[in-house]
Structures are given as C-alpha cells and as structure tokens.
Number of protein chains: 2
Amino acid sequence: MVKIEEAIQQKEFKDPFNKAVVNLLYTHSYLVTSQNALFKPYGISPEQYNVLRILRGQNGVPTTVSSIQERMLNKMSNASRLVEKLKVKGLVKRSECPNDRRQVDVLITEKGLELLAELQIRVEKGNIDFVHLNLDEVDKLNELLDKLRG
Amino acid sequence: MVKIEEAIQQKEFKDPFNKAVVNLLYTHSYLVTSQNALFKPYGISPEQYNVLRILRGQNGVPTTVSSIQERMLNKMSNASRLVEKLKVKGLVKRSECPNDRRQVDVLITEKGLELLAELQIRVEKGNIDFVHLNLDEVDKLNELLDKLRG
DNA sequence: ATTATATAAATGTATAGACATATAATGTGA
DNA sequence: TCACATTATATGTCTATACATTTATATAAT
C-alpha cells in the first residue's frame with residue numbers, strides 16, 4: 001500500500017482534512033488514468049460512455065440535453081458537445097422536440113446500445129479490479145464519501 | 001446527506017465497487033467545483049497552485065520540470081506548460097541548468113511566495129469546510145483511499 | 001570520434017471542463 | 001399584441017489532461 005505522502009513525496013499535511021482533499025485528487029487521477037486505458041480502444045471517452053449509460057437508463061424514452069446534463073457525474077461538463085460527438089459516431093440520434101422546439105430529444109441508437117453492452121462488461125470488471133478493498137471497506141468508503149459531501 | 005444514487009438519479013449500482021468508482025468521480029467533481037470558486041479571484045488554477053507548493057517545498061533549491069511533474073497530483077499533467085504560465089505571471093523564474101543544459105531550473109519568486117501564502121490560508125480553511133467528516137472518519141477515509149490504490 | 005541511444009523539455013493536437021455569451025423559442029404581464 | 005423576461009441549446013474561448021512527436025543535449029557503444 002502506497003500512502004499518499006509517498007505517492008506525491010510530501011512529508012506531511014496541515015491536518016487530515018487537507019490530506020483527504022489531496023488524497024481524493026490523487027486517487028481520482030489514478031482512476032482516470034486506468035479508465036482512459038480501458039476506453040481508448042473503443043474510440044469513446046469515459047464521459048461519452050456516461051452519456052450513453054444515461055440514455056439507455058431512460059429505456060427508449062427520449063432525453064433532453066438538459067436532462068442529460070443534470071444526471072452527469074460532472075455537472076459542469078457540456079452535454080451539448082458530448083451529444084454532438086456521439087451523433088457523429090452514430091451512437092445517438094437527435095431530433096427536435098415537437099411540443100417545445102427549443103428542446104432536443106436524444107435517443108441512443110442500436111449501434112450505441114451494442115457498444116455500451118460490450119464496454120460495460122469491461123468497465124465493470126475494471127472497476128472491481130481497481131478497488132483494492134474488501135466488501136466491508138468499500139461499503140464504508142461509499143458511506144464516508146456520501147457523508148463528506150454533507 | 002445526499003447519497004450518490006440521489007445525486008446522479010441512478011437507482012442502483014452493479015455492486016459496491018462500481019458504486020465506489022462513480023462515487024469517487026462524482027465527489028471529485030464536487031470538490032473541483034468548490035476549489036475553482038476559491039481560486040478564481042486569484043487568477044491562478046488549482047494545478048498552478050499545486051506547482052507553486054511543490055516549488056516552495058524545495059526551500060529555495062531549484063527544481064527541474066520533470067521533478068515537478070513527478071510530484072504533481074496528476075502525473076499526466078503538463079508541468080512544462082504550467083511553469084510557462086506561472087512565469088508569464090511572474091510567479092516563477094526559469095533558468096538553464098548549468099551542469100545539464102537539457103534541464104531547466106525552476107524557482108518560485110517573492111511574488112509567487114506571497115500569493116501562495118495568501119492563497120494557502122484560504123485553501124486550507126476551504127478544505128476543512130469542504131470535508132463534512134469528524135476526525136475518526138477522515139482518518140478512516142485516508143486509510144481507505146490509500147488501500148484502494150493497492 | 002562517430003553513431004546510436006537515452007533523456008529533458010517543449011510543442012502539436014484532440015478531448016473535456018469552466019464559464020460567458022449568443023440564438024432561438026416560449027411564457028408572461030401590461 | 002408587444003415588450004420583456006425566461007428557458008433550452010449552441011457556441012466561443014481559455015485552461016488542463018492525454019498522448020504523440022520534436023528538438024536539444026547528454027551518455028554509451030563501437
């Protein structure tokens with residue numbers, strides 16, 4: 001086990017709260033590096049994968065761009081541009097919403113569902129491999145992260 | 001306390017390990033949003049702040065770009081470009097390393113030290129406010145994050 | 001000494017996040 | 001109806017990450 005102090009060659013932290021923030025940042029970067037390697041061969045990014053998952057979760061009901069945005073892991077990300085990229089790849093369809101022409105209905109395509117199914121197996125396996133904790137520990141981690149956010 | 005399922009409107013997860021990965025991603029984004037707000041008025045980014053901290057930690061000993069890179073929270077970030085931005089702002093100095101002209105010595109300036117000191121107070125206060133955990137809990141979180149990375 | 005290899009830093013390019021602004025459509029009050 | 005605010009989406013621009021490539025220097029091998 002590599003403690004955060006070693007990982008970034010910092011002798012000590014002001015207090016455990018400041019240490020936890022750095023630990024979160026470092027662990028996140030570590031996670032994203034691993035995710036990128038997994039996604040690379042499939043030609044989509046983790047963020048695009050997340051949008052596809054949100055769309056599939058709607059079970060065929062068209063989803064607006066703002067509704068996707070609300071469900072994204074990163075609320076600051078740009079759903080409009082991610083949808084455009086997925087459309088270029090033929091993974092989603094976009095259509096004008098009939099009752100409100102400002103809105104755009106987004107639907108995942110067959111091709112999108114297929115890619116998602118294939119990716120999901122590897123992502124879920126990858127996540128289990130990534131988290132070197134036992135069941136009790138991972139439950140505790142989830143609890144602490146939820147509580148941390150207040 | 002807002003559980004991760006609520007926060008991203010996802011009913012359930014495949015298993016607690018996959019939930020933990022999503023929880024990490026979401027909590028990270030939540031943290032970064034808070035950090036950005038804090039840094040904005042000072043005209044530097046959290047990543048640039050991190051570089052300044054690394055430089056000050058050397059206590060006046062010049063640091064090479066690759067040595068900065070090794071100590072960064074995100075090993076994939078581009079220390080060369082971050083140093084350039086800090087130099088433009090007058091927060092660091094760059095000079096050719098005499099014994100190896102491939103290397104570049106980077107030093108934090110007086111102005112850099114002053115900004116860092118001012119920022120640090122707010123960052124450390126902000127981090128304590130951000131982490132809604134008691135001392136036992138935050139210690140446990142640090143332990144679990146270290147262990148998670150294996 | 002010359003060539004090959006390795007290393008340090010910089011640069012090019014793509015994707016995404018952060019945030020301001022623009023455009024278009026809708027809703028609302030005088 | 002008309003002006004005005006509101007909402008949905010798109011777009012512009014900057015910063016950073018991700019990763020490949022380039023340039024310069026240093027080291028090693030012949």
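Throughout, protein chains are lettered first and strands after them, A, B, ... in sequence-line order, and every chain is numbered starting at 1.
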Worksheet item: To the nearest Å, how far apart are B:E84 CD and D:dT15 C1'?
Response: 14 Å
Discussion item. So, does B:S77 get its side chain near the phosphate of D:dA16, meaning an N or O under 4.0 Å from OP1 or OP2?
Written reply: no
Worksheet entry | 5'-most by nearest nucleotide on DNA chain C - A:K85 or B:A37 | A:K85
Worksheet item: Are OP1 or OP2 of C:dA16 and a side-chain N or O of A:Q48 less than 4.0 angstrom apart?
Response: yes
Practice prompt. Select base, sugar-phosphate, or nothing to describe what B:N78 touches, counting heavy atoms under 4.0 Å on all strands.
Written response: base
Worksheet item: Got a sec: does the NZ of A:K87 have more than 12 other heavy atoms crowding it under 6.0 Å?
Response: no
Fill in: Strand partner of C:dA14, provided both Watson-Crick or wobble distances fall under 3.5 Å
D:dT17
Response to the item:
To the nearest angstrom, the CG-P distance between B:L25 and C:dG17 comes to 11 Å
Worksheet entry | Polar pair under 3.5 Å, donor/acceptor by atom type, side chain A:R102, base C:dG27 | no
Discussion item. Quick check on the 6.0 Å ring-centre criterion: do B:Y30 and B:F130 meet it?
Written reply: yes
Discussion item. Consider side chain to side chain contact (heavy atoms under 4.5 Å, CB included). Of B:L116, B:L115, B:V51, which one does B:I44 pass it with?
Written reply: B:L115
Item to complete: Could you check how far CD1 of A:I68 sits from P of D:dA10, rounded to whole Å?
Response: 10 Å
Discussion item. Assuming nearest nucleotide by heavy-atom distance, tell me which of A:N36 and B:K89 is located more 5' along DNA chain D.
Written reply: B:K89
Worksheet item: Counting heavy atoms not belonging to A:K93, are there more than 12 under 6.0 Å from its NZ?
Response: no
Worksheet item: Just how far, in rounded Å, is P of C:dA10 from CG of B:L82?
Response: 11 Å
Worksheet entry | C:dT13 base / B:R81 side chain donor-acceptor hit below 3.5 Å | yes
Discussion item. Looking at D:dA18, I'd like to know if its phosphate oxygens (OP1 or OP2) sit under 4.0 Å from a side-chain N or O belonging to B:N74.
Written reply: yes
Worksheet item: Within less than 4.0 Å of OP1 or OP2 of C:dA8, is there a side-chain N or O belonging to B:S80?
Response: no
Discussion item. Between A:D129 and A:K125, does any side-chain N to carboxylate O distance fall below 4.0 Å?
Written reply: yes
Discussion item. If you assign each of B:P46 and A:V83 to its closest nucleotide in DNA chain D, which residue comes earlier from the 5' end?
Written reply: A:V83
Discussion item. Can you tell me which nucleotide in C:dC19, C:dA9, C:dG17 comes closest to the side chain of B:V104?
Written reply: C:dA9
Practice prompt. Give the rounded distance in Å between these two atoms: CD of B:Q35 and P of D:dT15.
Written response: 18 Å
Worksheet item: Under a single-linkage definition using a 4.5 Å side-chain heavy-atom cutoff for Ile, Leu, Val, Met, Phe, Trp and Tyr, are B:I128 and A:L24 assigned to the same hydrophobic cluster?
Response: yes
Discussion item. Looking only at the side chain of A:V32 (C-beta and beyond, no hydrogens), which of the listed nucleotides D:dT11, D:dA18, D:dC19 gets closest?
Written reply: D:dA18
Item to complete: Please work out if B:S29 contacts a base, only the sugar-phosphate, or nothing of the nucleic acid, heavy-atom cut-off 4.0 Å.
Response: nothing
Worksheet item: When we call it a touch if two heavy atoms are under 4.0 Å apart, what does A:T64 touch: a base, just sugar-phosphate, or nothing?
Response: sugar-phosphate
Worksheet item: A:S45 side chain N/O closer than 4.0 Å to the phosphate oxygens (OP1, OP2) of C:dT15?
Response: no
Item to complete: Please report, rounded to the nearest Å, how far the P atom of C:dA16 is from the CG atom of A:N50.
Response: 12 Å
Fill in: Selected nucleotide, minimal atom distance to A:R94 side chain, candidates D:dA10, D:dT17, C:dC19
D:dA10
